[in-house]
2 protein chains.
Amino acid sequence: MNTDNTKSQMRKGMLEYCIMLLLHRQPCYANDIIQRLHEAEMIVMEGTLYPLLSRLKKDGLLGYEWRESTQGPPRKYYTLTADGQEALTQLDAGWEEISRTVNFLKQ
Amino acid sequence: MNTDNTKSQMRKGMLEYCIMLLLHRQPCYANDIIQRLHEAEMIVMEGTLYPLLSRLKKDGLLGYEWRESTQGPPRKYYTLTADGQEALTQLDAGWEEISRTVNFLKQ
DNA sequence: TACAATACCTTGTATCGCAAGGTACTAAAG
DNA sequence: CTTTAGTACCTTGCGATACAAGGTATTGTA
């Protein structure tokens with residue numbers, strides 16, 4: 001079997017939650033997010049992250065501001081909006097529910 | 001925002017894991033699975049479950065046997081194969097990893 | 001024989017993660 | 001001034017999945 005694929009599927013949707021958890025603490029730009037999630041043992045690809053950030057921005061959950069960089073082009077620093085905070089609260093509940101379900105099934 | 005969709009996405013892939021956790025304990029047929037997962041607060045649709053069971057069967061993770069029913073047509077009772085047990089162990093590790101990641105990000 | 005209940009399965013749609021590739025800006029080297 | 005390397009942002013095409021809706025087959029009862 002290809003458990004890698006299944007594990008990848010298990011991460012689906014979790015990414016959105018993890019990114020919002022991250023931005024809840026501090027503004028980040030794309031490479032920040034990739035690196036910090038990597039430290040948390042969650043691998044994210046660029047091709048996954050950018051469309052996700054754009055979607056959350058479009059849904060009003062994220063905002064961003066441009067900041068200059070000393071070593072290259074300017075960066076988009078994303079932050080949680082008020083709606084984003086509220087959505088995060090609901091996703092916290094969703095995570096708790098999944099967690100309860102798994103622990104219940106595992107006994 | 002539509003957090004329902006996000007929650008649905010968060011469950012993606014988890015379903016496979018939860019079903020295997022369930023079958024690890026006892027053989028079940030489709031409606032058993034739907035009902036037991038419902039008790040564990042995880043909603044599954046028929047149109048989701050049947051293709052998933054077929055796929056796991058095809059991958060050699062599940063086997064099944066027909067059993068007569070006193071109230072209707074016979075039922076397919078699915079069980080975990082040896083390969084399925086092994087895959088379940090790997091998925092346990094995957095779940096632990098995700099769980100660690102989320103808890104790390106939540107501090 | 002007709003009908004309802006149960007059980008299994010298929011098709012079409014939307015969404016997502018990912019690999020690959022592309023564009024634009026900055027700074028340093030020639 | 002031009003070229004090159006590095007950084008940052010974004011898009012396209014593909015495979016996989018959950019779900020809604022609809023279909024088929026078997027059983028028992030009226």
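Every heavy atom of this structure was used, including side-chain atoms; hydrogens, water molecules and symmetry mates were not.
- In this structure, S69(A) and R75(B) both approach DNA chain C, and ranking their closest nucleotides by distance from the 5' end singles out R75(B).
- In this structure, of dA18(D), dT27(D), dC8(C), it is dT27(D) that holds the atom nearest to the side chain of P73(B).
- Rounded to an integer number of Å, the gap from CD of Q71(A) to P of dG6(D) is 12 Å.
- For the pair I34(A) CD1 and dT7(D) P, the interatomic distance rounds to 13 Å; values are reported in whole Å.
- Both tests do not hold together for K76(A) against Y29(A): distance to the six-membered ring centre under 6.0 Å, angle to the ring axis within 45°.
- In this structure, T81(B) contributes its side chain and G60(B) its backbone to a donor-acceptor pair below 3.5 Å.
- For Y50(B), whose side chain is taken as the heavy atoms from C-beta onward, the closest listed nucleotide among dA7(C), dA8(D), dT11(D) is dA7(C).
- A donor and an acceptor atom, one from each side chain of T101(A) and E41(B), are nowhere located under 3.5 Å apart.
- Mapping Y77(A) and K12(A) onto DNA chain D via the closest heavy atom, the residue that lands nearer the 5' end is Y77(A).
- Distance NZ (K7(B)) to C1' (dA18(D)): 17 Å, rounded to an integer number of Å.
- The existence of a salt bridge linking E96(B) and K7(A) is excluded, since no basic side-chain nitrogen approaches an acidic carboxylate oxygen closer than 4.0 Å.
- Using a 4.0 Å cut-off between a side-chain N of Lys or Arg and a carboxylate O of Asp or Glu, E68(B) and R75(B) do not qualify as a salt bridge.
- Annotation: of the two residues near DNA chain C, M14(A) and P74(A), the 5′-most nearest-nucleotide partner is M14(A).
- Here R55(A) reaches the OP1 or OP2 of dC16(C): one of its side-chain N or O atoms lies under 4.0 Å away.
- The interatomic distance linking Q9(B) (CD) with dC19(D) (C1') rounds to 11 Å, in whole Å.
- Distance from the side chain of E46(B) is smallest to dG22(D) among dC9(D), dG22(D), dA18(D).
- Neither OP1 nor OP2 of dC9(D) sits under 4.0 Å from any side-chain N or O of Y29(A).
- Nearest to the side-chain atoms of S8(B) among the listed nucleotides dA18(D), dC25(C), dG22(D) stands dA18(D).
- dA18(D) atom P lies 10 Å from atom CG of L49(B), rounded to whole Å.
- Between W66(A) atom CH2 and dC25(C) atom P the separation is 10 Å, expressed in whole Å.
- Taking only side-chain nitrogens and oxygens, N5(A) never comes nearer than 4.0 Å to OP1 or OP2 of dC18(C).
- Taking only distance into account, the side chain of K76(B) never meets the base of dC8(C) through a donor-acceptor pair shorter than 3.5 Å.
- The shortest distance between the side-chain N/O atoms of T48(B) and the OP1/OP2 oxygens of dC19(D) is below 4.0 Å.
- Distance alone, capped at 3.5 Å, places no donor-acceptor pair between the T79(B) side chain and the P27(B) backbone.
- The interatomic distance linking M45(A) (CE) with dG15(D) (C1') rounds to 16 Å, in whole Å.
- Atom-to-atom, NZ of K57(B) to P of dC9(C) comes out at 11 Å; the value is rounded to the nearest Å.
- Proximity of R11(A) to the phosphate of dC18(C): a side-chain N or O atom is located under 4.0 Å from OP1 or OP2.
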